[in-house]
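Below you'll find the structure, written out as structure tokens, and then a few comments.
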Amino acid sequence: MDRSCIKVVEEFNTHGFAKVQLRSLAQLREVRRQYAELMRKLSDQKSMEDCLPTALERCHELPLRTDLNTFRLKLISELNDIAGFNSQLFLDPLPKIVEHLLGPDLLIQRHVNLVIQRPHDVDNAELHSDFPTNSAFEVVVWVPMVDCDKSNGMYLQNLAQTRAMINELEESEGKSWARVKAKVEEDAIAVPVSFGECLIFMTTLFHGSKINTSNVTRTSFNFRLKGMFSPCGQKDPFNFWEIAKISAFTKTALSF
Ligand SMILES: O=C(O)CCC(=O)C(=O)O
Ligand SMILES: [Fe+2]
């Protein structure tokens with residue numbers, strides 16, 4: 001691993017999250033093009049080819065045939081018809097970093113999650129942690145299709161903050177949730193993530209998003225990776241995962 005990957009791993013191990021600069025931008029742009037093409041197909045927009053980034057940012061101006069959630073679910077369903085869609089987002093240097101964190105035998109989430117957050121829409125993701133629905137042994141990859149800052153991105157609590165929150169919740173037997181939530185929303189770490197970057201974080205971290213106060217629609221994908229032999233969460237492992245990478249040794253061992 002080169003110096004920048006080592007730094008990401010160190011940051012991840014200390015704080016439970018890290019930002020990663022993706023190196024295969026051409027491939028990321030290709031994913032964005034595919035996505036915009038789908039958006040165009042499912043909406044009444046004639047063409048998005050000419051000004052793609054702008055079209056994504058101004059997705060809230062699209063003439064939709066249905067409500068946003070139905071549109072989003074239709075998009076997800078079409079995206080998941082593209083074989084290995086998440087693998088297309090598992091871009092260099094993520095494999096090196098994730099392999100270092102989780103080992104050489106990796107599972108990748110079979111279906112992508114898509115978040116479309118329009119300006120001033122109130123259906124933002126409440127403060128939550130993906131654990132224990134997802135196992136603590138997974139890494140979440142969050143990839144925006146537009147530039148995100150604190151007005152339209154995600155926020156999270158680092159490992160120390162998350163631990164402090166859990167202690168407080170346990171001590172109050174869950175009664176301090178509303179207070180903890182209000183405090184988090186006040187001092188949460190908003191991580192600016194531009195197109196071309198992604199965020200990786202532990203499923204155990206508390207995170208969420210606020211109402212998008214920018215004037216651009218935020219579109220982001222998220223998916224998870226897990227070591228093949230680590231504990232599963234509550235999802236059906238046979239539906240949730242597919243193999244991303246398997247070592248020669250494991251392949252041979254599994255053949256017996
Ligand atoms: O993108 C968001 O606002 C929330 C994403 C999320 O909760 C996740 O990736 O686990
Ligand atoms: Fe989440």
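Positions are given from 1, in the same order as the sequence printed here. We count ligands from 1, going down the list as the structure has it; atoms in each ligand are counted the same way. What you see below is based on every heavy atom in this structure, not just the backbone, and it leaves out hydrogens, waters and symmetry mates.
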Quiz item: Which residue holds the protein heavy atom closest to atom 9 (O) of ligand 1, what is that atom called, and what is the gap in Å?
Solution: N222 CG, 3.1 Å
Quiz item: Which N/O/S atom belongs to D130 and is the closest one to the Fe ion (ligand 2)?
Solution: OD1
Practice problem: Run the numbers for me: atoms of ligand 1, each under 4.0 Å from some heavy atom of S209, listed by number. | Solution: 3 (O)
Practice problem: Would you please determine whether Q117 falls within less than 4.0 Å of ligand 1 on a heavy-atom basis? | Solution: no
Quiz item: Can you list the ligand 1 atoms lying under 4.0 Å from a non-hydrogen atom of D130?
Solution: 10 (O)
Quiz item: Would E242 and R110 pass as an ion pair if we require N to O under 4.0 Å?
Solution: yes
Practice problem: Could you tell me which non-hydrogen atom of S135 sits nearest to which non-hydrogen atom of C232, and how far apart they are? | Solution: CB-C, 3.5 Å
Quiz item: T217 and V146: which non-hydrogen atoms are nearest, and at how many Å?
Solution: O-CG2, 3.6 Å
Exercise. For W142, counting its heavy atoms only, list the atoms of ligand 1 lying under 4.0 Å from any of them.
Key: 1 (O), 2 (C), 5 (C), 9 (O)
Quiz item: Hey, is CD on Q234 packed in by over 12 heavy atoms from elsewhere, all under 6.0 Å?
Solution: yes
Practice problem: For atom 1 (O) of ligand 1, grab the closest protein heavy atom and report residue, atom and distance to one decimal in Å. | Solution: R218 NH1, 2.7 Å
Exercise. Please identify which atoms of ligand 1 are closer than 4.0 Å to at least one heavy atom of H128.
Key: 7 (O)
Quiz item: Considering residues, nucleotides and ligands other than F229, do more than 12 of their heavy atoms fall under 6.0 Å from its CZ?
Solution: yes
Self-check item: 4.0 Å heavy-atom contact, E126 with ligand 1
Solution: no
Quiz prompt | Within 6.0 angstrom of K183 NZ, more than 12 heavy atoms from elsewhere | solution = no
Practice problem: Determine whether the side chain, the backbone, both or neither of R224 has a heavy atom under 4.0 Å from any heavy atom of ligand 1. | Solution: side chain
Quiz prompt | Salt bridge present between E37 and R40 (N-O < 4.0 angstrom) | solution = yes
Quiz item: Taking the Fe ion (ligand 2) as the vertex, how big is the angle to NE2 in H207 and NE2 in H128, rounded to 10°?
Solution: 90°
